[in-house]
Amino acid sequence: MADYARRLDAVGGQLHLSGIDPRIRDLWTDELLAAHGVSIEFHPATATIGESTLSAYAEARIRLRDSGGELGSEGR
């Protein structure tokens, strides 16, 4: 996963993980990730199915918009 996150970062992307158990996020601190040269956005699981995925998707779209990027036809 770290290699994939680095490859995304190299081309201006960012890895978003949704449905993550909050205990995992507690273990994967920003300091730990930075020590490995990795940036990951976490969207913890909630009691509502699909909620964290929608959160990840919305955040990714905002990031894309703010960076001036464009969505391909699959994202429209």
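Counting begins at 1 with the first residue of the sequence. Quantities reported herein were computed from a predicted structural model and do not represent experimental measurements.
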In the hydrophobic clustering (ILVMFWY, side-chain contacts below 4.5 Å, transitive), which residues join L54, or is it alone? none

Please identify each residue that fulfils side chain to side chain donor-acceptor pair (under 3.5 Å) with S18, with sequence neighbours left out. T53

Per-pair distances, 0.1 Å, donor-acceptor, side chain in residues 37-46, under 3.5 Å, sequence neighbours excluded:
| unit_1 | atom_1 | unit_2 | atom_2 | d |
| --- | --- | --- | --- | --- |
| E41 | OE2 | Q14 | NE2 | 3.3 |
| H43 | ND1 | S55 | OG | 3.0 |
| H43 | NE2 | H16 | ND1 | 3.0 |
| T46 | OG1 | T48 | N | 3.2 |
| T46 | OG1 | T48 | O | 3.2 |
| T46 | OG1 | E51 | OE1 | 2.5 |

Pair listing, salt bridge (charged side-chain N to carboxylate O under 4.0 Å, His left out) test, anchored in residues 12-24, at least two apart: D21-R23

Going by side chain to side chain donor-acceptor pair (under 3.5 Å), name the residues that satisfy it together with D3, two or more places apart in sequence or in a different chain. R7

With a 4.5 Å cut-off on side-chain heavy-atom distances among I, L, V, M, F, W and Y, is there a chain of contacts connecting I20 to L8? yes

How long is the straight-line distance from CG of D66 back to CZ of R63, given to the nearest 0.5 Å? 9.5 Å

Quiz: residues 27-34 side-chain donor-acceptor pairs under 3.5 angstrom, not counting sequence neighbours:
| unit_1 | atom_1 | unit_2 | atom_2 | d |
| --- | --- | --- | --- | --- |
| T29 | OG1 | L32 | N | 3.0 |
| D30 | OD1 | R25 | NH2 | 2.6 |

In chain order, what residues pass the side chain to side chain donor-acceptor pair (under 3.5 Å) check against R6, with sequence neighbours excluded? none

